[in-house]
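Written out below as structure tokens is the structure these notes cover.
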Amino acid sequence: MQNGAIAAQFEELAELLEIQGANPFRVRAYRNAARAILDSTESIAAAADSIAKLREFPGIGEDLAKKIQVLVQTGSIPQLAELREQVPAGVVAMLRVPGLGPKKVFALFQEHGIRSLDELRLAAEQNRIAGIKGFGKKTQDAILKGLEVAESAGRRVYLSEAKQVAEQIAEDLRSVPGVAQLEVAGSCRRRKETCGDLDLLAEASQPDAIMDRLAGHRLVEAIIARGDTKMSVRLFKGLQLDLRVVPAESFGAALQYFTGSKEHNVVLRRRAQDMDLKLNEWGLFRGEQMVAGRTEQEVYAALGLPVFPPEIRENRTEFALAEQGPLPRLVELDDIRGDLHMHTTASDGSASILEMAEAAKSRGREYIAITDHSKRVSMANGLDAPRLLAHWKAIDEAQKSIKGIRILKGIECDILEDATLDLPDDVLEQADWVIAVLHYGLQQPREQIMKRLMCAITNPHVDIIGHPTGRLVDRRKPADIDFDVFLDACAKHRVMVEINANPARLDLDDIHAAAAKKRGIPIVISTDAHGFADMDLMQFGVFQARRAGLTRDDIANTLPVDAFLERLRQAKG
DNA sequence: GCCGTTTTCGGCCCGACTGTTTTCAGTCG
């Protein structure tokens, strides 16, 4: 059983307990455990043979360790099954309606027998909600509006989209008179894979002016709330944006606070408490006296901490890192010298070899690899051996006509469902760079998936495994990979792993990239560009690498081309 | 339900906004 599946059960348990009005700290304990399990690079199921081993995970004590054992052995938790009997799934779904929390949902269910989103809509339409104690006309209207949000699945948007929208609105609001500072905060600033909402923070002399501008912004569809310092609006697709306005002396504290994560902030708060201080979005206080708040740097320094890059503010490893000394310098976009995964018109790309090379050069890349699809991907016009050999000749020709960038002859070679490669060894050995990937049969059982990966890793001509899991963020599940075995094999056979920078892939994810680093496996960040514009996606791969805590030394395509090729030769030797 | 070099009991981060309230609970982040 995978960590994600175990965590999901505890998360569901937390929701069900919360609806039933359980002790909030008990609910939190389940949530904390779910998160710790999700964040761990180690397999919980593998540790389930021993209570002591399980208890080493943060937030897992005697009781939860036992529940995990039962879950791994039998596939279910009896308590969860019992709770599901008591509270229908439709009731849990009602939690996704903005404005409805566990207390209101429980009241609707228990006292008025409303058991699903459909029944909730009917009740609201028939004006049956407004009379209920604790509910009124406004709540009823809010429910009708909120149902759309809940049913549009409360979907998170990709970081690429969130970042673009947030930065656009931020830019528009910066021109409002009296706005001294304005920053994007929240999960967007932390560069999470997806954002559930957007957070903007402003220092402004006239809050009303900036709120008026936001209210009239072309991207704003509705106003959810507006107070003296805080305003919430709804954008397209139900996406919410929160704007906070604070004075200059609080800007740093507020930026820190609204960047989060929540878990990171909880640790800071406790640390402040231990120092007889109090931290909130207005500043760091000793009694009534403000100690810090103007800048993030000031706040962290007063707590005896470095300014953590936003990408690692997740209460995973950052506090332990800070204990060990200065924080490592995380990889940056400017460190990237090569882009080793891209397509041309030979398969499903939209530009020629030379056009791609020119575009890469203009973005400061010193080398690229042209890696069109192999024949199995027939929909993408994948290349068979004769076409590939001809394509490589064309690459040699293109190289002659462009200076200042090195073009490597590569291939994105499919690992077929029967655990063989899509091209023969005598072809692959002529390549400068071979990416092996799973495209089809991602739902095969773990055994077969691992057989396929091992076939690629042990092939002497394969340099790297591209987008290893095949997952699409929020859309397609990853292949069932035993990561311990997979990464150990990559390390042993000196095969690199990719962080695919496409915002829909971001594969490997941060957790597994960190696990690869731990084993010393070189990681390559690639755009998988199918046209020029895609080359700008490199930043999203870099964000993912930063979230994994990776430095320049962990990323092979930060090397100059000769050093990179030398490393490749050594790996093959 | 977890956790502990002040503690094995009694804590567990903190504030803004809304609605239905006559002084605050619920929700949200």
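Quick note: numbers below take in every heavy atom, side chains included, and nothing from hydrogens, waters or symmetry partners.
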Span that lies between the [atom1] atom of [M] and that of [N], in whole angstrom:
N: dC28(B); M: dT23(B); atom1: P; answer: 25 Å
N: dT22(B); M: dC17(B); atom1: P; answer: 22 Å
N: dT7(B); M: dC12(B); atom1: C1'; answer: 14 Å
N: dT8(B); M: dG4(B); atom1: P; answer: 13 Å
N: dT21(B); M: dG26(B); atom1: P; answer: 13 Å
N: dA16(B); M: dG11(B); atom1: P; answer: 25 Å

* Asked: Any donor-acceptor pair under 3.5 Å linking the side chain of E318(A) with the backbone of N315(A)?
  ->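 Side chain of E318(A) to backbone of N315(A): a pair is present.
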* Can you check whether R191(A)'s main-chain N or O pairs, donor with acceptor, with E311(A)'s side chain at less than 3.5 Å? ->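 A pair under 3.5 Å: no.
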Rounded to whole Å, how long is the line connecting atom [atom1] of [X] with atom [atom2] of [N]?
X: K104(A); N: dT21(B); atom1: NZ; atom2: P; value: 10 Å
X: E56(A); N: dC3(B); atom1: CD; atom2: P; value: 12 Å
X: K103(A); N: dC28(B); atom1: NZ; atom2: P; value: 12 Å
X: K137(A); N: dT20(B); atom1: NZ; atom2: C1'; value: 15 Å
X: R190(A); N: dG29(B); atom1: CZ; atom2: C1'; value: 11 Å
X: I129(A); N: dG26(B); atom1: CD1; atom2: P; value: 17 Å
X: I143(A); N: dT20(B); atom1: CD1; atom2: C1'; value: 14 Å
X: D199(A); N: dA16(B); atom1: CG; atom2: C1'; value: 14 Å

* Is any side-chain N or O of Y257(A) under 3.5 Å from a base N or O of dG29(B), one able to act as donor and the other as acceptor? ->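 Yes, the side chain and the base share a sub-3.5 Å donor-acceptor pair.
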* Asked: CD1 of I68(A) to CE of M1(A): how many Å apart, nearest 0.5 Å?
  ->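 CE of M1(A) is found 11.0 Å from CD1 of I68(A).
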All N/O donor-acceptor pairs, side-chain side in residues 238-248 of chain A, below 3.5 Å, sequence neighbours left out:
| unit_1 | atom_1 | unit_2 | atom_2 | d |
| --- | --- | --- | --- | --- |
| Q240(A) | NE2 | D242(A) | OD1 | 2.9 |
| D242(A) | OD1 | S232(A) | OG | 2.7 |
| R244(A) | NH2 | E281(A) | OE2 | 3.1 |

[X] near the nucleic acid: base, sugar-phosphate alone, or nothing, with a heavy-atom cut-off under 4.0 Å?
X: D228(A); result: sugar-phosphate
X: D242(A); result: sugar-phosphate
X: G260(A); result: nothing
X: L279(A); result: sugar-phosphate
X: P102(A); result: sugar-phosphate

Of the listed nucleotides [options], the one nearest the side chain of [X]:
X: K230(A); options: dC12(B), dA16(B), dG1(B); value: dA16(B)
X: N280(A); options: dT27(B), dG1(B), dG15(B); value: dG15(B)
X: K138(A); options: dT20(B), dC12(B), dA16(B); value: dT20(B)
X: T139(A); options: dC3(B), dG19(B), dC12(B); value: dG19(B)
X: A29(A); options: dT27(B), dC2(B), dC12(B); value: dC2(B)
X: E281(A); options: dC12(B), dA16(B), dG1(B); value: dA16(B)

* Asked: Which one is paired to dT8(B), where only Watson-Crick or G-U wobble pairs with both distances under 3.5 angstrom count?
  ->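 Partner of dT8(B): none found under 3.5 Å.
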* Asked: Considering heavy-atom distances to DNA chain B, does M231(A) or L95(A) have its closest nucleotide positioned more toward the 5' end?
  ->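 The residue mapped nearer the 5' terminus is M231(A).
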* **Nearest-nucleotide comparison on DNA chain B, the residue closer to the 5′ end among D197(A) and A65(A)** =>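 Taking each residue's closest nucleotide, the earlier one in sequence belongs to A65(A).
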* Any ion pair linking R174(A) and E171(A) (charged N to carboxylate O, less than 4.0 Å)? ->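 Yes, charged N to carboxylate O under 4.0 Å.
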* Could R226(A) and D212(A) be called an ion pair, given the rule that one side-chain N must be under 4.0 Å from one carboxylate O? ->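 Here R226(A) pairs with D212(A) in a salt bridge, since their nearest N and O are under 4.0 Å apart.
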Examine [N]: is either OP1 or OP2 under 4.0 Å from a nitrogen or oxygen in the side chain of [X]? Give yes or no.
X: W282(A); N: dA16(B); result: yes
X: S232(A); N: dC17(B); result: no
X: Q273(A); N: dC14(B); result: yes
X: T229(A); N: dC17(B); result: yes
X: K278(A); N: dG15(B); result: yes
X: Q240(A); N: dC28(B); result: no
X: K67(A); N: dG1(B); result: yes

* To do: Could you tell me if the ring centre of H512(A) sits under 6.0 Å from that of F486(A)?
  =>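 No.
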* Answer yes or no: does atom CZ of R213(A) have more than 12 heavy-atom neighbours from other residues, nucleotides or ligands under 6.0 Å? =>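 Yes, enclosed.
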